[in-house]
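So the structure is just underneath, and the comments pick up after that.
Lettering follows sequence order; numbering is per chain, from 1.
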Amino acid sequence: MAAQKYVMGSLFRKLIKPIIRPPLLIRQPNKFRQEEAPFIPFSQLQQIKLLESEITHTLDSCTSLTKIKQAHAYIIRKGLHQCSYIIAKLLRMISKVDVPMNPYGISVFSQVKYPNPFLYTALIRGLTIDGLFKESVLVYISMRKDGVTPVSFTLTALLKACSSQMNAHLGRQIHGESVKLGGFSLDMFVGNTLIDMYVKCGWLDCGRRVFDEMPDRDLISWTSLIVAYAKNGDMGSARELFDGLPVKDMVAWTAMVTGFVQNAKPREAMDYFERMQRVGVETDEVTLVGVINACSQLGLSKYANWVRDVAERSGFSPKDNVVVGSALIDMYSKCGSLEGANEVFKTMQEKNVYTYSSMIVGFAIHGLANSTLELFEEMVKKDVMPNHVTFVGVLTACSHAGLVDKGQQVFEMMEKSYGIKPSYDHYNCMVDLLGRTGRLEEALKLIRSMPVEPNASVWGALLGACRTYSNPDVAEVAARQLFKLEPDGIGNYILLSNIYARAGRWEDVSKARKLIREKGLRKNPAFSWVEGRKGDIHEFYAGDLTHPRSGEIDRDLEDLIDRLKLNGYNPNLSCVLYDVSDEEKKRILMNHSEKRALAYALLTTDDGLAIRIVKNLRICEDCHLFMCGASQITQREIIVRDNMRFHHFHDGTCSCHNFW
DNA sequence: GTAGGGTTAG
């Protein structure tokens, strides 16, 4: 019976809609309505309808404040400035055209005596887009005071505002209230926006609950949750949800690809992208940026060219797409190919701050300080405003090249000339810059002069410098702070113990190692990867001899070491920070993952080709020396990307000039 | 009106 009633109800609404829907002067169902709403005869209604469509049409082409003002004057002349529908349209145009909603939009709005819910909503949306959160909530409050019932639109606009303010409490309150008012509490739009809000505010569980309670879900609901899990580092749950999707569109696939990239799983990202292509899902700019980033993380050149090809074939050429182009620059430089990066940079017609910054960072991590500084000047000349990332690039370049004065000059100029306040990242670069040249005390002074409390990465940069300059005293100062800020950061304990080891303070070494054991922390294994002949990837872990061609690798490596020794190479035993015999130290050094990766590459790739090795930790002095020698003896170019920067080994020397 | 995105190093 009840069901029948409902069907009748909706049928009734459908039937009468064209007759009773007042197309213009929609009045609020409030107490004034009956007395004050003017009666419009049917003949006039027809005319007004025509006018309405004419004005709507004009509004669509409003592209500036002047045009909007003209349109508004016209609306007033025609006597339609009280019409919620028309004014709502005007407000929507105002937010599109970048005219401030406050005060112009508000003044237009306040001329309407009886605003309907859609007009209120247009104002709330407009204020939200302008970032005027408080104002949009105030409008909502006055809407409720006036007895105007919010519609589904209103709720999505408000929830979006709450999400941008990270105020899930208020969002929940507003939603709860609307549930009481009835009707649309969990319609798909509201539900999806609610999920998104909870997720963006970090209330993943609440988001999940909304998802579970929604009577109907669509792809958007699923994708929102997939993204939430991915951002939370839970790719397992993301994958589970994704697998459960009967129909997967481009956005859902892209969410997975990007999710893997954000969780530093580039191989899985590539894998998903390939699957996505196999099932014939289209690729757009966003997908491409994801794959390109995956490739940057992998750092292997064969994939780089393939990805660029895919981009071109999908119709996104760096020539006319600044986003794809900038991402490609970053990718090529992280794959060790500055030529590739440069080539893309030159072909790009539009260059923005991302483009320049990517190229600047590219030069910086390859140690080309002069090119970095030149490009920075060019960018300024062309009126592209640098941002904080640009300065990270410039400062990194100064740091890698030991240009202390220049770096300090740039650091000061940042705020004075460009109004960019130094952030942690910039302090980090400066500590690194001072620390690398041995000015540990100065670096410490800089940290102590910071206007905000120094964070872990700043202290970490100092600790790293203490390792290079074997300074256990300053190291202890940094370590004390780090242990407070990152009690579970294994790297800090290892660094400190290595610094003690260098200084021969073995008792302190064992104390530091005991601390690690007590905390149950596990060391990150060191590994390297290298491309095989067919673009396949081979991973080598330090001391792991399970590669199928381990026997040959061992043999060739010993052979290579013997040849290097004839050339004057002497294993640098001080790189082994264990208190063991020299023989054992030599064995440990030989099993460093980058050496094994090199031996494998020499074994399997053709002469004349550059060998590219990517590793997860910083290259040690002995391996650096070894690579220099190997590049001379074998006459192969060797490019190693460690977690800091690139080293190009060529004919016995390295591009970093042994300063890294 | 609702979902996926660009440049950061140690």
Side-chain angles (χ1 to χ4, degrees), chain A residues 92 118 121-122 124-125 128 151-160 163 187-197 199 217-228 230-231 249-259 261-262 284-293 296 321-331 333-334 352-362 364-365 386-396 399-400 423-429 431-433 435-436 456-465 467 489 491-492 495 617-618 642-645:
Chain A
R92 279 196 286 275
F118 296 98
T121 305
I124 290 172
R125 267 188 60 77
T128 307
V151 291
S152 174
F153 271 137
T154 326
L155 213 56
T156 49
L158 281 164
L159 292 176
K160 245 194 144 171
S163 133
D187 87 353
M188 208 118 75
F189 284 130
V190 173
N192 289 343
T193 317
L194 200 57
I195 293 179
D196 195 55
M197 181 199 70
V199 161
R217 308 179 192 113
D218 61 0
L219 244 177
I220 295 178
S221 336
W222 291 81
T223 313
S224 299
L225 215 55
I226 288 174
V227 170
K231 293 227 160 105
D249 69 350
M250 178 170 71
V251 179
W253 277 102
T254 306
M256 289 303 285
V257 172
T258 318
V261 171
Q262 285 160 350
D284 75 354
E285 196 188 41
V286 184
T287 325
L288 280 172
V289 167
V291 202
I292 294 172
N293 285 338
S296 311
N321 190 309
V322 66
V323 178
V324 169
S326 305
L328 283 174
I329 290 174
D330 176 60
M331 175 193 75
S333 82
K334 289 200 177 130
N352 63 15
V353 59
Y354 290 95
T355 323
Y356 277 102
S357 303
S358 300
M359 199 64 232
I360 282 175
V361 170
I365 57 178
N387 65 11
H388 58 289
V389 180
T390 322
F391 282 105
V392 169
V394 177
L395 291 175
T396 307
S399 171
H400 286 316
S423 69
Y424 283 122
D425 299 333
H426 303 111
Y427 276 103
N428 206 345
C429 290
V431 170
D432 193 50
L433 173 76
R436 263 171 210 275
S457 53
V458 175
W459 287 115
L462 184 64
L463 190 62
R467 195 200 74 127
N492 306 325
L495 256 179
L617 300 177
R618 198 160 126 154
D642 69 7
N643 62 348
M644 311 274 229
R645 55 166 294 157

*Which part of the nucleic acid does V361(A) contact within heavy-atom distance under 4.0 Å: base, sugar-phosphate only, or nothing?*
sugar-phosphate
*With no angle test and no hydrogens, is the base of dT7(B) tied to the side chain of S357(A) by a donor-acceptor pair under 3.5 Å?*
yes
*Apply side chain to side chain contact (heavy atoms under 4.5 Å, CB included) to H426(A) and list each qualifying residue two or more places apart in sequence or on a separate chain.*
H388(A), F391(A), V392(A), L395(A), F411(A), M414(A), P422(A), S423(A)
*Checking all strands, does T258(A) fall into the base, sugar-phosphate, or nothing category for heavy-atom contacts under 4.0 angstrom?*
sugar-phosphate
_Nearest to the E285(A) side chain among dG5(B), dT8(B), dT2(B), which nucleotide is it?_
dG5(B)
*Check every atom of dA3(B), dT2(B), dG5(B) against the side chain of D249(A) and return the nucleotide holding the closest atom.*
dA3(B)
*Determine, step by step, whether Y424(A) and V458(A) satisfy the side-chain contact (heavy atoms from CB on, under 4.5 Å) criterion, reporting the C-alpha distance in whole Å, the side-chain angles of both residues, the deciding distance to 0.1 Å, and the verdict.*
CA-CA 7 Å; Y424(A) 283 122; V458(A) 175; 4.2 Å; yes
*What's the closest nucleotide to the D284(A) side chain, out of dA3(B), dG10(B), dG4(B)?*
dG4(B)
*Check whether the side chain of D330(A) and the base of dG6(B) form a donor-acceptor pair under 3.5 Å.*
no
_Over all strands shown, is S326(A) touching base, sugar-phosphate only, or nothing at heavy-atom distances under 4.0 angstrom?_
base
*asked:* Tell me whether the side-chain N/O atoms of K231(A) come closer than 4.0 Å to OP1 or OP2 in dG5(B).
replied: yes
*Under 4.0 angstrom, heavy atoms only, what part of the nucleic acid is M250(A) near: base, sugar-phosphate, or nothing?*
base
*Does a side-chain heavy-atom distance below 4.5 Å link D330(A) with V361(A)?*
no
*Partners passing side chain to side chain contact (heavy atoms under 4.5 Å, CB included) against T355(A) (at least two apart in sequence or in another chain)*: V322(A), S326(A), I329(A), F345(A), M348(A), K351(A), N352(A)
_Expected output: side-chain D218(A) to main-chain S221(A) donor-acceptor under 3.5 Å_ = yes
*Can you find an N or O donor on one side and an acceptor on the other, under 3.5 Å apart, linking the side chain of D425(A) with the base of dT8(B)?*
yes
*Which nucleotide in the set dG5(B), dT2(B), dG4(B) lies at the smallest distance from any side-chain heavy atom of A255(A)?*
dG4(B)
*Answer yes or no: side-chain N or O of T287(A) and base N or O of dG4(B) forming a donor-acceptor pair under 3.5 Å.*
yes
*Check every strand shown and say whether R125(A) touches a base, only sugar-phosphate, or nothing at a heavy-atom separation below 4.0 Å.*
sugar-phosphate
*At under 4.0 Å between heavy atoms, what does V227(A) touch on the DNA or RNA strands: base, sugar-phosphate, or nothing?*
sugar-phosphate
*Picking from dA9(B), dT2(B), dG6(B), which would you name as closest to the side chain of K160(A)?*
dT2(B)
_From dT2(B), dG6(B), dT8(B), nucleotide with atom closest to H388(A) side chain_ = dT8(B)
*asked:* So V324(A), base contact, sugar-phosphate only, or nothing? Heavy-atom distance under 4.0 Å.
replied: nothing
_Looking only at the side chain of V389(A) (C-beta and beyond, no hydrogens), which of the listed nucleotides dT8(B), dT2(B), dG5(B) gets closest?_
dT8(B)
*Just to confirm, is there a sub-4.0 Å distance from OP1 or OP2 of dG5(B) to any side-chain nitrogen or oxygen of Q262(A)?*
yes
*Please state whether the base of dA3(B) and the side chain of S224(A) form at least one donor-acceptor pair under 3.5 Å?*
no
_Over all strands shown, is R217(A) touching base, sugar-phosphate only, or nothing at heavy-atom distances under 4.0 angstrom?_
nothing
*Out of dG6(B), dA3(B), dT2(B), whichever nucleotide has its closest atom nearest the side chain of Y354(A)*: dG6(B)
*Judged by atom type as modelled, is there a donor-acceptor pair below 3.5 Å linking the side chain of T258(A) to the main-chain atoms of A255(A)?*
no
*Quick one: is H400(A) getting a side-chain N or O under 4.0 Å of the dG10(B) phosphate, OP1 or OP2?*
yes
